[in-house]
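Below, read A as the first sequence line, B as the second, and so on, with proteins coming before strands; counting in each chain starts at 1.
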There are 2 protein chains.
Amino acid sequence: MDIRTIEWKNDAIKIIDQTKLPAKLEYLYIKDLKTLWQAIRELKVRGAPALGTAAALGVYLGIKDSKAKNFSEFRKELDKVIKYLATSRPTAINLFWGLKEMLQAAEKVKFKRLAEMKKALFKQAMKIIEDDRVSCRKIGLYGAKLFKNNDTVLTVCNAGILATIDYGTALGVIYRASEEGKKIKVFACETRPLLQGARLTTWELKKKGIDVTLICDNMAATLMQQGKIDKVIAGADRIAANGDAANKIGTYSLAVLAAYHKVPFYIAAPVSTFDLKIKSSKNILIEQRSAEEITILFSKNPIAPPGIKVYNPAFDVTPHDLITAIITDKGVLRRPYKINIKKCI
Amino acid sequence: MDIRTIEWKNDAIKIIDQTKLPAKLEYLYIKDLKTLWQAIRELKVRGAPALGTAAALGVYLGIKDSKAKNFSEFRKELDKVIKYLATSRPTAINLFWGLKEMLQAAEKVKFKRLAEMKKALFKQAMKIIEDDRVSCRKIGLYGAKLFKNNDTVLTVCNAGILATIDYGTALGVIYRASEEGKKIKVFACETRPLLQGARLTTWELKKKGIDVTLICDNMAATLMQQGKIDKVIAGADRIAANGDAANKIGTYSLAVLAAYHKVPFYIAAPVSTFDLKIKSSKNILIEQRSAEEITILFSKNPIAPPGIKVYNPAFDVTPHDLITAIITDKGVLRRPYKINIKKCI
């Protein structure tokens, strides 16, 4: 199986439309910024690292037809594109990191001709893609050492191929462990409201031949109570300087349950997920999404009375003291996180 | 609002078809045992206390047209009915309790004429209905004393009007507290896979004018982390002699999260929920339900790849040490549960 979540192809951003999975594997060719913005907002492309790539390719898409006469004009266009893409989703830092990387690449060639500036930005986007591929494999390499033969692992949301270019962070660790011959069994939390676990994680694990069992989010505690879970592993959308990690809603719940049942709880993410400007979880902006995401299934089936109040945070924050280790592309970090995160960047 | 979840009417068991809520308030008139068995299995009628009533009315339904010539013949028919109904769902003890109550009532009149035996069973079923109404109000009365003005309460599944005759256990406590003038705010966990929280609890709380907000099950931890939950309250399907309580899947998870966040965790249930034959949770049979309940939403929308493995326990067990108090119709029980449960029965 060779799946590419996002790439540049035929002068467009080619993505898997993840809202169509698991029913259909459908690709979209995105040729304008507004369509990209909506694809990000509607989670057609999602997953923190993949959003970094989407942002980078988006910047190139936004300026590739520029007719700017000088850098000042070009920079104005660039700023507009970056500002626009930055409004698509607030929590995953990788998106902002991708935008920043592109801006820095533009700054480096600001005295060059327009065609060269465009070329430099394209090159930078390709570098981000290649770096993602490499960093996921490094996360897999370092993380796999923590996993034993016959381990049963619980995961949430999708931090796999579909959240990156082609390998995954949390699931990359599982792929690597199983490539090393370890037999790993996975329980996937379905991850309400948008069911990324049920729709995406089971889909890609099954394709990769990994033994996967789907559960509802509220069944994780029971599995731990029965001693059936050896490890929990999740991705991250933003990690503060002290190790507090924002990730898909439900992650914090698993971290508390894991601590109570003495099950190790791991976060797997590239170092681009660290946000040293943010000291602790208190400063992480949590995206609140619409009530209908919860109350209307498949855009048509109401599961709650009309007009019912809903609380729908897309992410939660796991405090660093509940995290056994953070598996990064620069190695496995342990406490004290504040010091060890600083060291590795 | 005057809602009756289950009653005897027009020579039939009249129930609200709870699988149709919240879209439609639709009543069913059940005139044969097989239809009743299916209605219980498919959760058209559900909730531990309501299942006790359904069982009792079911026994009457099953023998009301009997032409038995003597008690021995009658008893054979009765046993067949009871045995059949006992196979509908395994975890809620109230169902078995209802069957046992009816059997005992029959034994008391075994030397009477057929018509009188039938009458005695009808009377017993009516008594069970009336007792449920009274006991829910007592649970409400005792439980409400534990709740303060402006409390925010988290609940799971539906332990309300729709789980009883007309008042509820866990939600009965909230109704009583609000009748006493206390302002109570409720967060309802949607309760996957069958969404009783989203579909039923929000529906009845809204009808009763209680401030209710719907969340996905995996958001409860975040609310507790933010200090937004003052109390958790849930029903129970069976409580062992030591206080271990089986209830809808997800309850145990909330109990662990509540303990971690130092939030009181209450179980509300009539004393008929106690099963003194069962010493601890280890002996409670947990119903496993079909994979499709999780993977196919609304019997048509697949949310996971075909054939994916699923783990779908309908209940979990909360060990007694995580329960702050058990609110019953005989008062509020606290530790040591083993002694205090024995005392109150």
When the 4.5 angstrom heavy-atom criterion is applied to A:I286 and chain B, the contacting part is neither
Of the listed A:L257, A:T295, A:D316, the one with the largest count of heavy-atom pairs under 4.5 Å with chain B is A:L257
Chain A shares the most heavy-atom pairs under 4.5 Å, among B:G197, B:A220, B:A198, with B:A198
Pair count under 4.5 Å, heavy atoms only, with chain B: among A:T251, A:V212, A:T202, A:L223, highest is A:T202
If one checks every heavy atom of A:P302 against chain B at 4.5 Å, the contacting part turns out to be backbone
Ranking B:L21, B:I215, B:I303 by heavy-atom pairs under 4.5 Å to chain A gives rank one to B:I303
Smallest heavy-atom separation, A:I308 atom then B:K206 atom, equals CD1-CD, 3.6 Å
Assert top hit (heavy-atom pairs under 4.5 Å, partner chain B, pool A:L205, A:T201, A:V256, A:L195) equals A:V256
Minimal heavy-atom distance between A:N312 and B:M219, with the atoms involved, is OD1-CE, 3.3 Å
If one checks every heavy atom of B:L254 against chain A at 4.5 Å, the contacting part turns out to be neither
When the 4.5 angstrom heavy-atom criterion is applied to B:L194 and chain A, the contacting part is neither
One option among A:P305, A:G250, A:C189, A:A221 has the most heavy-atom pairs under 4.5 Å with chain B, and it is A:P305
- Task: Could you tell me whether a side-chain N or O of B:Q225 sits under 3.5 Å from a main-chain N or O of A:V317, the two making a donor and an acceptor?
- Result: yes
Correct closest heavy-atom pair for A:K309 and B:D211 would be NZ-OD1, 2.6 Å
Value for CD (A:E190) from CZ (B:R192), rounded to nearest 0.5 Å, stands at 4.0 Å
Nearest heavy-atom contact between B:I249 and A:T222 is CD1-OG1, 3.5 Å
Cut-off 4.5 Å, heavy atoms of chain B, and the answer for A:E293 is neither
Most heavy-atom pairs under 4.5 Å with chain B, out of A:P319, A:A188, A:S253, belong to A:S253
So, the part of B:P22 with a heavy atom under 4.5 Å from chain A: the answer is side chain
The interface call for B:Y311 against chain A, heavy-atom contacts under 4.5 Å, is both
- Within the distance-only criterion (no hydrogens, no angle test), does the side chain of A:N218 pair as donor or acceptor with the backbone N or O of B:T191 below 3.5 angstrom? no
Nearest heavy-atom approach of A:T213 to B:V310 is CG2-C, 3.7 Å
Residue from A:L214, A:D217, A:I294 scoring the most non-hydrogen pairs under 4.5 Å with chain B is A:L214
